[in-house]
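The next block holds one structure in the form of structure tokens; read it before the comments.
Just so we're on the same page: letters track the sequence lines, and every chain starts at 1. Source: prediction; values computed, not measured.
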Amino acid sequence: MSTLIKHETLGEMLNSSSKGFEKARAEGKEAFENQGFPTNKSEEYKFTAISKKLEQSIQNYALAESFEVTAEDVKSNLFEGYTGDVLVFTNGHFQPNLSSAIAGIEVSLLSEKSDTPVGSIAKPAKDPFCALNQAAFTDGIFISVPKKAVVEKPILLLNFNKAINGQVIQPRVWIEAGDFAEVTFINHTVNLSDVTYFSNKVTEIKGGVNSQIRFYKLQNEGKNVIEVSNTETDIHKDGRFSSVTISLSGEMVRNNLSINILGSNSEGNMYGLYLLNGKSHVDNHTNVDHTVPHAESNELYKGILADHSRGVFNGKIFVRQDAQKTNAFQQNNNILLSEDAVVNTKPQLEIWADDVKCSHGCTTGQLDEEALFYLQARGIAKDQAKGLLLYAFAGEVLEHIRDESFRKYCTDLVQDRLGSKF
Amino acid sequence: MLSIKNLHASIEGTPILRGINLEVKAGEVHAIMGPNGSGKSTLASVLAGREEYEVTEGEVIFKGIDLLELSPEVRAREGVFLAFQYPVEIPGVSSTNFLRTAVNQVREYRGLEPLDAVKFLTLMKEKMKLVEIDQKLLSRSLNEGFSGGEKKRNEIFQMAMLDPTLSILDETDSGLDIDALRIVSNGVNQLKSDKNATIVVTHYQRLLDYIVPDFVHVLYNGRIVKSGTKELAMELEEKGYDWIKEEVDSKATV
Ligand SMILES: Nc1ncnc2c1ncn2[C@@H]1O[C@H](COP(=O)(O)OP(=O)(O)OP(=O)(O)O)[C@@H](O)[C@H]1O
Ligand SMILES: [Mg+2]
């Protein structure tokens, strides 16, 4: 067990929570105490020394309080042309008065839905940070999309963070989509401070039969943020879950994204782009668990790394013995723009069924010199030619974002970065 | 227009070009032939500015400028065009966007107004006819999944769009069937004028029936070992390269 767990204020935080869910919190606390912060021997956190980072940066395990933002703040942070609904959070606390009332969809504080089985999808025993969140989460949000509801426009989870140096933000999100429901979520966080804080978020998503859920996330909170994000989804028969995770900054970011395929003829898709510079460190750990036959998963993560940045990709595909006729595809491609940038990539396939189609591949290389020369030989300036090629590389992930205004927003950020920085 | 003097170039320390001399004047067509590995593509790449090749000796003057000092993009803007022997497939870069970026950067350098979307499209349509290239191809990613012939046509189409003064066609005829060869040659001939010049690198005399050269040069072992007129190409077609190799090698031992 790590010494960190004896950290006085951490103990205080673990004991101070008071917003219901006593049983779940007790389970979370126990699971956390059993696991402790990952040590450098932890296989799961081998390349991401997050405990050390926390030890250096988080002096005070106090949960950041909610603070005031105005309707104007909300408006000015929407993507151009965005027409969907918005749910607003400050330091992880839901702000109903600034949020849309979304017709036909139930949205409440998690504390008002005390029978929500938190921890039943993202199980605390699997990850210490998931456990830590469950032990002491800030009040969270509960979103339920009823059966057959087709929500045409996306729902934006707009988070404003303004922590004091060394504080912790621990939001928790529960989403359920009924049978045949269709819904898109966009996660976007606006960081209003430039201090170091620790965001430890857990999102649990339950997809009903034949439901279609899209889950987009943009991480661009700046170079001081330490973030762990656990997102786990159960999908059932004929259901589909597609996620796109775009990571553009962060001192140290760890995303655990898991899909449990629990019903046949369902599909889980995971797309990711990490575009890093400076000393940013982004670690994507994904996990698809095929438990039933005739389901499919697709995964494409791409990275462009400059300066001293570091990327980690670990893609676990688990095909259980019963999961015959599974199709599982995984691909991770990286371009290193500097000699000091590093990527650690590892596919991890465990296949117990015999009649499956699984493929995986990973590449790490430099920009294609021949392609670069070809473009230059047509009169295109070298920097611009590089930008074109890198953008083409990144575009393969961006094109999976269906909402036009959000895609445009991400595309502009990526193009800006590729044009200016690289 | 182009004056190459005693050009030596090597790659990773291996000398490939060992003293090339070549004078090309406006309005001329020069054919460069030679056995595999003799250095034809290397010469073309060095002229276009590929950085992998190190020029160790000699000079290249193009329109009075020291070409070797310029970056590949500036050479292109000055009017050097290389039709690649193996055009590169670039997934995710749309042919049209690419070409518009290229055309406008070249125009800007030449002091011309950038083309707006409409004018660009008009120009594109006009030049597409020249090489009978299908619009559908241009809505795809650059060269991605193009057949060999389509790639070669696309090279000539780009050449037409960029309006170069010196075009270097590196085996643009290889792999083309006779119809495609006619179309491509026809495109090249229409773009020919007394203000520009063309260097065609080829293995086959066949192309020279369509693009008629003023001079034919034989490149062997990194040097131009023989120059002549189009009759030389006929002779090479008939007799192969052995007699030239022998001639060169025997001279070397004397
Ligand atoms: N990257 C490289 N490293 C080492 N040698 C190279 C490299 N590229 C080319 N060469 C060598 O340089 C020589 C000339 O090659 P080049 O491609 O210029 O020949 P070519 O005359 O165009 O031949 P072909 O008729 O086959 O197109 C060859 O011997 C080739 O193997
Ligand atoms: Mg060649």
A:E399, CD: over 12 other non-hydrogen atoms inside 6.0 angstrom: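 For A:E399, atom CD is crowded (more than 12 foreign heavy atoms under 6.0 Å).
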NZ (B:K192) with more than 12 external heavy atoms under 6.0 Å: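 It does: B:K192 NZ has more than 12 such atoms within range.
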Interface residues of residues 50-61 of chain B facing chain A - heavy atom cut-off under 4.5 Å: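 B:R50, B:E51, B:E52 fall under the 4.5 Å cut-off.
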Heavy-atom contacts under 4.5 Å, residues 101-128 of chain B to chain A: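 From residues 101-128 of chain B, the residues near chain A are B:T101, B:A102, B:Q105, B:V106.
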Report the distance from atom [atom1] of [X] to atom [atom2] of [Y], rounding to the nearest 0.5 Å.
X      : Y      : atom1 : atom2 : value
A:I380 : B:R77  : CD1   : CZ    : 9.0 Å
B:L82  : A:F373 : CG    : CZ    : 6.0 Å
B:F98  : A:L388 : CZ    : CG    : 9.0 Å
A:K382 : B:S71  : NZ    : OG    : 9.0 Å
B:F84  : A:E370 : CZ    : CD    : 8.5 Å

Residue pair A:A371 / B:V88: nearest heavy atoms and the distance that separates them: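 Residues A:A371 and B:V88, closest heavy atoms: CA-CG1, 4.0 Å.
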Minimum heavy-atom distance A:A377-B:A76, with the two atoms named: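 That closest heavy-atom pairing would be O-CB, 3.3 Å.
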Residue part contacting chain B, namely of A:Q384, when any heavy atom lies under 4.5 Å: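 Interface part for A:Q384: side chain.
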Interface moiety of B:P164 toward chain A, non-hydrogen atoms closer than 4.5 Å: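 Neither part, no heavy atoms under 4.5 Å.
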Contact origin within B:L142 toward chain A - heavy atom pairs under 4.5 Å: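 Contact with chain A is through the side chain of B:L142 alone.
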Heavy-atom check, side chain of A:Y374 versus side chain of B:N143, under 4.5 Å: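 Counting from C-beta outward, A:Y374 and B:N143 do come under 4.5 Å.
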